[in-house]
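Scroll down for the structure; my scribbles are underneath it.
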Amino acid sequence: MGNCCSDVAGGQTAVGGTGVNQGNQPNAPNEAVDAFLKSRGYQGLYSQIELSLSATSLRDRDVLSKSDPMAVLYSKEKDGSLKELTRTEVVLNSLNPKWITKYTMAYYFETVQNLVFRVYDIDTQFHNQDVKMLKLEEQDFLGEGSCTLAQIVTKSDRSLTMDLVCGEQFSGQAHARKFGKLTIFAEESISSKTTVELKLRCSELESKDLFSKSDPFLVVSKTTESGIVVPICKTEVMKNDHSPTWKPVFLKIQQIGSKENPLIIECYDFNSNGKHSLIGKIQKSLLDLEKLHSAGTGANLFIPTAMGPKQENKVLKSQLFVESYSEKIQYTFLDYLAFGYELNFMVAIDFTASNGNPRLPDSLHYIDPSGRPNAYQRAILDVGEVLQFYDSDKRFPAWGFGARPIDGPVSHCFNLNGSSTYCEVEGIQGIMMAYISALHNVSLAGPTLFGPVITSAAHIASQSLTNNERKYFVLLIITKNL
């Protein structure tokens, strides 16, 4: 199973893993998908992003010199509160600062990550203080800007320039005024995207069991600068096999450091009690393993016979072979955005009678006078607010199904905007408005059929493919649980 171990009881113990149970935490990562991606050499569901900040035309709040600006970065939580992430250094006497301080954060495609940037002029008396100790309320506020991380990374150059404003919250003015511009540049923090795929096998392994053959598996480890051995991947267990060939494992150059760094490959005999027996080991770099594959030869395993300064190794008949060796670049989601790819959002809503009378509070289509969104509106917002940043024109096809338009038969695919010629609406709010309008202009009916809306969505996608457009289409079908 590549990087992952197929035997939970033994494989995790082999590398000291115990597995962390995160339960059903709402913000917990999707471990199954993450593990699947990592087992095939992909980084996972996120990318590390380094943010750089600069500003132009800031306000001058000093009398005898220019402002001494510092930027503060916050994340905006779901409840509207701000969480401070970092502060830049103070740039002296500059209205066009380029701050050196960077901030590295994880970018999650599936999450709307709201950011707030505030710029302050630091008073001269505080210049010798650590920026972390500064009381912001004692400094002159120069302006703020806000955006989502997705708005930055979807730009072709991953750079976003925004106006700094100083609204009534800070100045008592009724309307926000512009006070210079702030530019945020995002760069993916990956030193190497190269992944090596290895298929390993051994021959003539020694038996560690009395009445059967060994059950071997491999553990691949690296040695840190401090001399600590850290496991980085392992194979599955092969039952009763002295000449096993394992499924491929994937190693990222980034996690190893370089192809020249030595790796320790250990072969163990699996035991259900977790006390696995060392059959043999070998130390080779990726460069060495590549040469073994090219030559088609094996390398002998050894086993330590003495410990300490005069460690001795016994060379075994057992050999390690590299059946296949290949290197490839693993592109990230951000790479596809940089290449000009887009995600196009489409939505289809269930208007069948099984949802209940929209005029009654127990209906899934009930529009609450208090403004609280119903289940359909929440689904549109939760998905649409994520995907909208990856669609350049923000025109979204929207359909309904399972309803009877006024003076017409039941339709299993009708345009949510009421038009007979086009299905697109403007933005997420356009979907919300069209949805509410449709509720007043159709009668809920049935049955529940998805086919027509899928056909309509596929037609739009096929036209894009014919035109060689770099687009992926996401169709969200929202329906009542059957």
Item to check | Full working for side-chain contact (heavy atoms from CB on, under 4.5 Å) between Phe473 and Asp391 | outcome: CA-CA 10 Å; Phe473 291 84; Asp391 190 326; over 6 Å; no
So, does [X] use its side chain to make a donor-acceptor pair with the main chain of [Y] at under 3.5 Å?
X      : Y      : result
Arg87  : Leu134 : yes
Ser363 : Asn355 : yes
Asp121 : Asp68  : yes
Thr154 : Ala150 : yes
Thr88  : Ala71  : yes
Asn417 : Glu424 : yes
Arg404 : Ala445 : no
Ser67  : Pro69  : no
Arg59  : Phe141 : yes
Thr111 : Tyr108 : no

Is the count of non-hydrogen atoms from other residues, nucleotides or ligands lying under 6.0 Å from [X] atom [atom1] greater than 12?
X      : atom1 : answer
Tyr422 : OH    : no
Lys222 : NZ    : yes
Lys155 : NZ    : no
Met433 : CE    : no
Lys102 : NZ    : yes

Distance-only polar pair, side chains of [X] and [Y], donor-acceptor under 3.5 Å:
X      : Y      : result
Ser94  : Asn96  : no
Thr148 : Gln113 : no
Thr194 : Glu327 : no
Ser258 : Asn261 : yes

Rounded distance [0.5 Å steps], [atom1] in [X] versus [atom2] in [Y]:
X      : Y      : atom1 : atom2 : answer
Leu198 : Thr235 : CG    : OG1   : 12.0 Å
Gln377 : Ile349 : CD    : CD1   : 9.0 Å
Met105 : Leu115 : CE    : CG    : 5.0 Å
Leu142 : Phe179 : CG    : CZ    : 9.5 Å
Lys252 : Ile256 : NZ    : CD1   : 10.5 Å
Phe117 : Leu73  : CZ    : CG    : 5.0 Å

Item to check | Tyr366 six-ring centre to Arg359 NZ/CZ under 6.0 Å and within 45° of normal | outcome: no
Checklist entry - For Gln151 and Leu149, what are the C-alpha separation, side-chain angles and deciding distance, and is it a side-chain contact (heavy atoms from CB on, under 4.5 Å)? => result CA-CA 5 Å; Gln151 287 176 292; Leu149 186 55; over 6 Å; no
Does a salt bridge link [X] with [Y], judged by any charged N lying under 4.0 Å from a carboxylate O?
X      : Y      : value
Lys199 : Glu323 : no
Glu197 : Lys247 : no
Lys181 : Asp163 : yes

Does [X] reach the side chain of [Y], with side-chain heavy atoms less than 4.5 Å apart?
X      : Y      : result
Lys480 : Thr352 : no
Val131 : Tyr120 : no
Tyr103 : Ile49  : no

Item to check | Chi angles and distances behind the salt bridge (Lys or Arg N to Asp or Glu O under 4.0 Å) call for Lys234, Glu266 | outcome: CA-CA 9 Å; Lys234 56 188 170 183; Glu266 298 168 298; over 6 Å; no
Item to check | Intermediate values then yes/no, salt bridge (Lys or Arg N to Asp or Glu O under 4.0 Å), Lys394 and Glu426 | outcome: CA-CA 6 Å; Lys394 293 180 174 52; Glu426 294 281 351; over 6 Å; no
So, for [X] and [Y], which heavy atoms are closest and what is the spacing to 0.1 Å?
X      : Y      : answer
Val442 : Pro405 : CG1-CA, 4.1 Å
Ile367 : Ile436 : CD1-CG1, 4.3 Å
Arg158 : Asp335 : NH2-N, 3.6 Å
Ser420 : Asn415 : C-ND2, 4.2 Å
His365 : Tyr435 : ND1-OH, 2.6 Å

Next on the checklist: For the aromatic rings, using the six-membered ring if either is Trp, is the centroid distance between Tyr341 and Tyr390 under 6.0 Å?
Outcome noted: no
Next on the checklist: Is the distance between the ring centroids of His412 and Phe450 under 6.0 Å?
Outcome noted: no
Item to check | Check against side-chain hydrogen bond (donor to acceptor under 3.5 Å, both in side chains), Thr101 and Glu89 | outcome: CA-CA 6 Å; Thr101 302; Glu89 77 280 9; 2.6 Å; yes
Checklist entry - For Ser392, which residues count as a side-chain hydrogen bond (donor to acceptor under 3.5 Å, both in side chains) partner, sequence neighbours excluded? => result Glu342
Item to check | Residues Glu144, Ser146; criterion side-chain hydrogen bond (donor to acceptor under 3.5 Å, both in side chains); working and verdict | outcome: CA-CA 7 Å; Glu144 78 168 28; Ser146 60; 5.8 Å; no
Next on the checklist: Using the rule given for side-chain contact (heavy atoms from CB on, under 4.5 Å), can you reason through Ile478 versus Asp350, listing the C-alpha separation, both sets of side-chain angles and the distance that settles it, and then say yes or no?
Outcome noted: CA-CA 6 Å; Ile478 316 175; Asp350 181 353; over 6 Å; no
Next on the checklist: As a quick check of understanding, evaluate ring-ring contact (aromatic ring centres under 6.0 Å, His included) for Phe414 and Phe351, giving each step before the final call.
Outcome noted: CA-CA 10 Å; Phe414 58 89; Phe351 283 88; 5.6 Å; yes
Next on the checklist: Show, in sequence, the C-alpha distance, side-chain angles and deciding distance for Thr161 and Phe185, and conclude whether the side-chain contact (heavy atoms from CB on, under 4.5 Å) test is met.
Outcome noted: CA-CA 9 Å; Thr161 299; Phe185 174 69; over 6 Å; no
